[in-house]
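Just below is one structure, and these are the notes that go with it.
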Amino acid sequence: MKLQDTLSNSEQELDVSKKVRIYLCGITVNDESHIGHARTIIVFDVLRKYLEEKGIEIEFIQNFTDVDDKIINRAQTENTTAETISTRYIENYFRDFDGLNVKRATDYPKATEHIGDIIKFIEKLIEKQIAYTTKNGVYFSVSKFPEYGKLSKKKIDELQSGARIEIDEAKKDPLDFAVWKFSDVEPTWDSPWGKGRPGWHIECSAMSIKYLGENFDIHGGGRDLIFPHHENEIAQSESFTGSQFAKIWIHVGMVTINGEKMSKSLGNVKSIKHVLENWGPNIIRLFCLSGHYSKPIDYSEELLKENLTKWRQAEICYYELIHANSENRKISPTIEKIGTEFDNAMEDNFNTHLALSAFFKLVKEVNRLAADEKLGKADALIIKTEFERMLEILGLTIPEMTEDEKQKIDNLIASREQLRNEKQFEEADKIRGRLNEMNIELIDHKGRTIWMKKENIKAEN
RNA sequence: GGUACUCUGGCAGAACGGUUAUGCGUGGGCCUGCAAAGCCUAUACAAGGGGGUUCGACUCCCUCGGGUACCUCCA
């Protein structure tokens, strides 16, 4: 599989000959997760599900940064502890992402639970004279890492003339960044250098190396993390180990809202909770996968509606497969090729949009055959396996119905059929109406009627 | 100001140095008791602007412009 790598700025082949180790920069738990987080995490979710489906073992680590200034500020505002804040948003994270049908990572390490590892990490940097202590904390000396800037393609001297760099006289160089900050404001931990808390980037270096080793396969996150976060992680980690850190760097494009950037000041932040309530997990996942991960994607009602239309077709496809009863025995050659097409799209730089086109090609073909009553029972079974394989990888779900519910529906359909035969159409339509209220839609084929259960999408009404 | 990414028809989004992408949408028709589903058909003279290379460019090069992100704590 080829993947677009930020570091080499080219497509790199992912080594799948052994376990693939992935580290994804998760969220700083200081607020509700939003659609931008959803996109990044869904992209990685599909990546790992695809690889796992291929039988490749995955170790997938996603961190929670649960110590940072914003969390502390929020705690002060709400007159509570930082832990209360971070615990709350971690709970909300799982509520949202379980709701989005994201598979749980192998582990979700937290910064606050790895202070010992972080301190050991810093000790080694100091030992190597790469970090130094000032009155404010311990700083990483950028000048000791000649390759600094290699990920973000920034030149050190250009950065030094940057306007937004805060002057801190205690630092040797304005670019140096904190690995440990002295502080008396809780939470704090004792360290060989003084009481305080870790800097922002160090937890990811310490935890990724602890869980995945010094040289792991993929490190990822949103594009906005390239600088300084990932740049600094590389500097720290490679200084620490003396060898290459992550092999492939994947950065997921930003989500814009109707062409504008999503920001608190514009008041257009779309929380997952809100979007999930209105559109449900399937539509959101389709939306997040509808563009290439490296490019930005624009959130709009129009696009969501388009995905809703497609999702309805997929639902129909599923129920057509279940209800197929013709004796036809001819799988359309199109369908045979679609699985390969889907996989090829994924292999080629994880082109989920093309993979989705393949998926919907299958959907259309099934629905077309079914409408003509040409969908063979035996073929439907084979196609269903492939359909469900794709659903699984894409993380799309069709809820199961109980036998009781099915029986009830079948009975109602039979009554309607009776009425239709007697040309009592008004009464027959009443039954159809009743079923519609239960989100059951009827599809009349020649000589028989099948039903489908529609996902309840609030935004549709 | 700098760096990176990006700019294809109403929208989304591919491939390819020379062929209709495809999907969604929209118009018309068929099917249906009516719908839905499905089918047929029509619809866009697409390539941010301008140069160049070439027999020929959406595809390569240059240039100008727009968008997004980052330039110290944002996925």
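Residue numbers begin at 1 in each chain, while the letters A, B, ... track the order of the sequences.
Side-chain N/O atoms of A:Asn349 and A:Tyr293 include a donor and acceptor closer than 3.5 Å. Remark: the A:Glu347 side chain and the A:Tyr50 side chain contain an N/O donor-acceptor pair separated by less than 3.5 Å. Side-chain atoms of A:Asn258 and A:Ser300 include no donor-acceptor pair closer than 3.5 Å. Side chain to side chain, A:His292 and A:Gln4 fail the donor-acceptor criterion of an N or O pair below 3.5 Å. Defined by atom type and a distance below 3.5 Å, a donor-acceptor pair is present between the side-chain atoms of A:Gln62 and A:Tyr93.
Rounding to whole angstrom units, NE2 of residue A:His292 and C1' of B:rU68 are separated by 17 Å. The interatomic distance linking A:Arg223 (CZ) with B:rA69 (C1') rounds to 8 Å, in whole Å. Between the CD atom of A:Glu341 and the C1' atom of B:rA14 there is a distance of 11 Å, given to the nearest Å. Atom CE of A:Met438 is separated from atom C1' of B:rA36 by 17 Å (rounded to the nearest Å). Here B:rC73 presents its P atom at 11 Å from NZ of A:Lys171, a figure rounded to the nearest Å. B:rU72 atom C1' lies 14 Å from atom CG of A:Asp224, rounded to whole Å. The distance between atom NE2 of A:His229 and atom P of B:rC71, rounded to the nearest whole Å, is 13 Å. In this entry the distance linking OH of A:Tyr299 with P of B:rA12 reads 16 Å, nearest Å.
With distances taken from any side-chain atom of A:Glu441 to the nucleotides B:rA4, B:rA36, B:rA12, the minimum falls on B:rA36. With distances taken from any side-chain atom of A:Pro228 to the nucleotides B:rA69, B:rA4, B:rU72, the minimum falls on B:rU72. Of the candidates B:rA36, B:rA37, B:rA75, the closest approach to any side-chain atom of A:Glu320 belongs to B:rA37. Distances were taken from every side-chain heavy atom of A:Thr256 (C-beta onward) to each of B:rA37, B:rA69, B:rU68; the shortest belongs to B:rU68. Distances were taken from every side-chain heavy atom of A:Met254 (C-beta onward) to each of B:rG38, B:rC73, B:rA69; the shortest belongs to B:rA69. Side chain of A:Leu175, nearest nucleotide from B:rU72, B:rA75, B:rC70: B:rU72. Listed candidates were B:rU68, B:rA37, B:rA75. Nearest to the side chain of A:Ala371 is B:rA37. When each of B:rC73, B:rU3, B:rA75 is scored by its nearest atom to the side-chain atoms of A:Lys154, the top-ranked nucleotide is B:rU3. For A:Asn351, whose side chain is taken as the heavy atoms from C-beta onward, the closest listed nucleotide among B:rA75, B:rU3, B:rA14 is B:rA14.
Residue A:Lys181 is classed as a base contact, given a heavy-atom separation below 4.0 Å to a base. Within 4.0 Å (heavy atoms only), A:Gly199 reaches no atom of the nucleic acid at all. No engagement by A:Asn63 is indicated, since no non-hydrogen atom pair under 4.0 Å with the nucleic acid exists. Here A:Ser300 lies out of heavy-atom contact (under 4.0 Å) with every strand. When heavy atoms are screened at a 4.0 angstrom cut-off, A:His34 is found touching base atoms of the nucleic acid. At a threshold of 4.0 angstrom between heavy atoms, the contacts of A:Asn367 are confined to the sugar-phosphate backbone, with no base atom among them. Nucleic acid contact class of A:Gly36 (heavy atoms, under 4.0 Å, all strands): base.
Aromatic ring centres of A:Tyr299 and A:His34: separated by at least 6.0 Å.
B:rU41 and B:rC55 have their C1' atoms separated by 38 Å, with the value rounded to a whole Å. Nucleotides B:rA57 and B:rG52 place their P atoms 11 Å apart, quoted to the nearest Å. Taking the P atom of each, B:rG18 and B:rC58 are spaced 10 Å apart, rounded to whole Å. B:rC31 and B:rA37 have their C1' atoms separated by 11 Å, with the value rounded to a whole Å. On the P atoms, B:rC7 is 8 Å away from B:rA14, given to the nearest whole Å. Nucleotides B:rG9 and B:rG49, compared at atom P, are 10 Å apart to the nearest Å. Rounded to whole Å, the C1' atom of B:rU8 lies 4 Å from the corresponding atom of B:rA47. To the nearest whole angstrom, the two C1' atoms, one in B:rC64 and one in B:rU54, are 23 Å apart.
Note on residues 429-451 of chain A: pairs passing ring-ring contact (aromatic ring centres under 6.0 Å, His included), not counting sequence neighbours, are A:Tyr319-A:Trp451, A:His323-A:Trp451. Evaluation of the salt bridge (Lys or Arg N to Asp or Glu O under 4.0 Å) test over residues 175-186 of chain A, restricted to residues two or more places apart or in two chains, returns A:Asp69-A:Lys181.
Among A:Phe145, A:Phe245, A:Phe121, the single residue meeting the ring-ring contact (aromatic ring centres under 6.0 Å, His included) criterion with A:Phe240 is A:Phe121.
For the salt bridge (Lys or Arg N to Asp or Glu O under 4.0 Å) test, residues two or more places apart in sequence or in another chain that qualify with A:Glu32 are A:Arg95.
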* **Per-nucleotide protein contact string for nucleotides 20-35 of chain B (B base, S sugar-phosphate only, - none; heavy atom under 4.0 Å)** => ---BSS-------BBB
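Using the six-membered ring where Trp is involved, A:Tyr108 and A:Phe64 have ring planes that are parallel, under 30° apart on the 30 and 60° scheme.
For the pair A:Lys295 and B:rA14, the criterion of a side-chain N or O lying under 4.0 Å from OP1 or OP2 is met. OP1 and OP2 of B:rC73 both lie 4.0 Å or more from every side-chain N or O belonging to A:Asn232.
A cation-pi geometry, defined here as NZ or CZ lying under 6.0 Å from the six-membered ring centre and within 45° of its normal, does not hold between A:Arg432 and A:Phe425.
The stretch residues 95-109 of chain A has no heavy atom under 4.0 angstrom from RNA chain B at all.
When base pairs are accepted only as Watson-Crick or G-U wobble with both N-N or N-O distances under 3.5 Å, RNA chain B takes part in stems of 3 or more pairs at B:1-7 with B:65-71, B:10-12 with B:22-24, B:25-30 with B:38-43, B:48-52 with B:60-64.
Between A:Asn9 and A:Ile35, the residue anchored nearer the 5' end of RNA chain B, judged by the nucleotide with its closest heavy atom, is A:Asn9.
The number of heavy-atom neighbours closer than 6.0 Å to CD of A:Glu426, taken from other residues, nucleotides and ligands shown, is 12 or below. Sparse packing is recorded around NZ of A:Lys361, with 12 or fewer heavy atoms of other residues, nucleotides or ligands lying under 6.0 Å away. Within a 6.0 Å radius of NZ in A:Lys261, other residues, nucleotides and ligands contribute 12 heavy atoms or fewer.
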